[in-house]
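See structure below.
We count ligands from 1, going down the list as the structure has it; atoms in each ligand are counted the same way.
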Amino acid sequence: MNRVLAVSATAALFALTGCGGGGSVGGSSSSSSSSSGGGQLPPPASAPPLKTELAADFGVANFPVGAAIEPAATTTAPDNAILLKHFSSVTAENTMKPDTIWPNAPGSTTQPAAAPNFAPADTIYNFALNNNLQVRGHTLLWHQTAPSWFFAGDQGNPANYRATVRQRLCDYIDDVIRHFPQVYAWDVVNEVATDTPNAANPYRTDSPWYIAYGVGGGDPTEYVKDAFTCANQTRTAIGKTQATMKLMLNDYNTELPGKRANVMAIVQSLVTDGMPIDGVGHQFHLQINADVAQVTAALQAVEGISSTLVNHVTELDVSIYADPGECFAQRTIPPCLADVGTTPAQTLLSQQALKYRALFAAFDRPSVQSVSFWGIADNHTWLNGFPVNRTNHPLLFDRQGNPKWAFWAVVDPLMSVP
Ligand code: GLA
């Protein structure tokens, strides 16, 4: 449906005054709408499909608009209905991570051979393929989900040990990519950069991969190159290319200049070394007071390294709680802001809506080729438990699955928000 018709019909019914902080930051919407809205949320049934609106805004047919899901979302209302109406891509929230796919060794001297556990991710993958949704692959390597069997062995012989760990990594990557051949982009590595700016060593040093590769004085960072090299070998072997299956490095806080410098230093070195990296995934777990100019700077930083690199927004959510400073360090209330409960003040929802609108205006650039949220609706979000337990509302749909002001601010850049 054309967004002008979809959105202005609701606006005709619900337009009040043009007061409020709406304004148009939507920029280059290809089908600019003219609705005003303002006082009351339009009825849920009048919501146009998010994926259609964004594809029109960005001028890209089938632009992937994704949500991270667990298998249950494919069969549970209202999640499955929202997914089918509004999204064109899915990411497995947890089920494609190594500790789910292959928690136990696929055969070693100390453990019985264990088969991979593809079934949970298969549920998501098959649901997607059967319903014309694209699939983002997340993730082949992450320090938080690295089963210990990868690193078993005799470290007294570093050369052999390293070769063994490398072989396991490559075999694992090969098996997983082959199992999900229609994935359009893989987060080959997740969160390999360290948080504190460190030009001398931008890598996270507490990763078991970094530690294992460093045994006997080896280059601890080489696991990243191996992961990309192996992923590319399999991609080629199954007839896929950079155009059909992108190999990405994914990380958080690229909107913060210090962390961004580390991520970009790693990406630059991979490009310089001729590694088959096709782009950067920006998690963008943001807060309500996020600086959108810094989000743009993160996207531009990737563009500046090479015009062949793409940007994906991979884990978008906007917490309604700003961090007063020490929240993430202390993880208690206070200093984290107190729980606002299930019905946050309109000012917060409006502020969030305008932040989302500004973010999507920032995402409207050719290098951004996929935008995924970390969840479907506020009923299921990791932010209800992180950095503290409190009721969060970070997504475009509320706990009942109804579109929030944030939804309307994104799909109709001209609708005024109360
Ligand atoms: C990171 C990971 C995701 C997910 C989120 C929050 O961003 O990349 O897979 O685990 O944390 O849960």
Side-chain angles (χ1 to χ4, degrees), residues 66-73 79 89-103 117 120-121 124-125 135-147 172-173 176 180 183 185-195 203-204 206-210 224 227 231 246-256 259-260 262-263 266-267 279-287 290 295 298 311-321 323 327-328 331 336 359 370-395:
I69 63 168
E70 294 292 6
D79 295 343
S89 173
V90 288
T91 303
E93 187 175 349
N94 288 299
T95 55
M96 283 192 192
K97 292 171 180 168
D99 62 339
T100 297
I101 287 196
W102 226 314
N117 173 38
I124 293 173
Y125 185 75
V135 183
R136 261 199 113 258
H138 174 81
T139 171
L140 296 171
L141 183 156
W142 186 28
H143 64 282
Q144 285 198 29
T145 56
Y172 175 81
I173 287 175
V176 177
F180 302 109
V183 160
W186 271 107
D187 291 331
V188 175
V189 296
N190 191 34
E191 303 181 353
V192 297
T194 193
D195 288 339
Y203 289 83
R204 170 188 292 281
D206 61 357
S207 166
W209 289 104
Y210 186 98
V224 177
K246 301 223 181 295
L247 304 180
M248 320 269 305
L249 177 146
N250 193 50
D251 216 321
Y252 61 90
N253 282 358
T254 56
E255 70 280 7
L256 304 183
K259 175 67 178 285
R260 177 161 73 239
N262 291 339
V263 173
I266 293 171
V267 173
V280 173
H282 305 264
Q283 295 184 4
F284 289 154
H285 291 294
L286 302 173
Q287 293 159 27
V295 167
N311 284 301
H312 285 184
V313 177
T314 54
E315 305 187 17
L316 181 63
D317 43 31
V318 177
S319 168
I320 58 160
Y321 301 97
D323 179 359
C327 173
F328 284 81
R331 299 188 59 177
C336 295
L359 285 168
S370 172
V371 176
S372 295
F373 294 82
W374 205 247
I376 298 173
D378 292 342
N379 61 342
H380 177 87
T381 162
W382 73 298
L383 292 173
N384 287 325
F386 183 86
V388 287
N389 289 326
R390 61 187 169 184
T391 321
N392 213 325
H393 306 260
L395 298 163

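- Within the 6.0 Å centre-distance limit, the rings of F386 and F328 are counted as a close aromatic pair.
- Atoms of ligand 1 lying under 4.0 Å from any heavy atom of H285, numbered from 1 in the order shown and given with element: 7 (O).
- Of all protein heavy atoms, the one lying nearest to atom 2 (C) of ligand 1 is E315 OE1, 3.6 Å.
- For the side-chain hydrogen bond (donor to acceptor under 3.5 Å, both in side chains) with Q283, the lone residue among N190, T314, N253 that qualifies is N190.
- Under 4.0 angstrom from ligand 1, there are no non-hydrogen atoms of Q144.
- The contact set between ligand 1 and W382, taken as ligand atoms under 4.0 Å from a residue heavy atom, comprises 6 (C), 12 (O).
- Screening K246, H282, R136 for a side-chain hydrogen bond (donor to acceptor under 3.5 Å, both in side chains) with H312, the sole residue that qualifies is R136.
- When all heavy atoms are compared, the tightest approach of Y321 to T391 is OH-O, 2.6 Å.
- In N190, the part holding a heavy atom less than 4.0 Å from any atom of ligand 1 is the side chain.
- Here's the thing with Q283: one of its N/O atoms is less than 3.5 angstrom from an N/O atom of ligand 1.
- Here the heavy atom of the protein found nearest to atom 9 (O) of ligand 1 is H138 NE2, 2.6 Å.
- Applying the 4.0 Å criterion to heavy atoms of E191 picks out, from ligand 1, the atoms 1 (C), 2 (C), 7 (O), 8 (O).
- Using a 30° and 60° split on the angle between ring planes, F180 and W186 fall in the tilted class, from 30° to 60°.
- Near K97, meaning under 4.0 Å from one of its heavy atoms, ligand 1 places the atoms 3 (C), 4 (C), 9 (O), 10 (O).
- Contacts between W142 and ligand 1 below 4.0 angstrom, taking non-hydrogen atoms only, involve the side chain exclusively.
- Heavy atoms of W374 approach ligand 1 to within less than 4.0 angstrom.
- Between the side chain of D317 and the backbone N or O of T381, no donor-acceptor pair lies under 3.5 Å.
- Counting heavy atoms under 4.0 Å from ligand 1, residue Y252 does not touch it at all.
- Within the 3.5 Å criterion, the main-chain N or O of E315 finds a donor-acceptor partner in the side chain of H285.
- In this structure, the side chain of R204 does not engage the main chain of T194 through any donor-acceptor pair within 3.5 Å.
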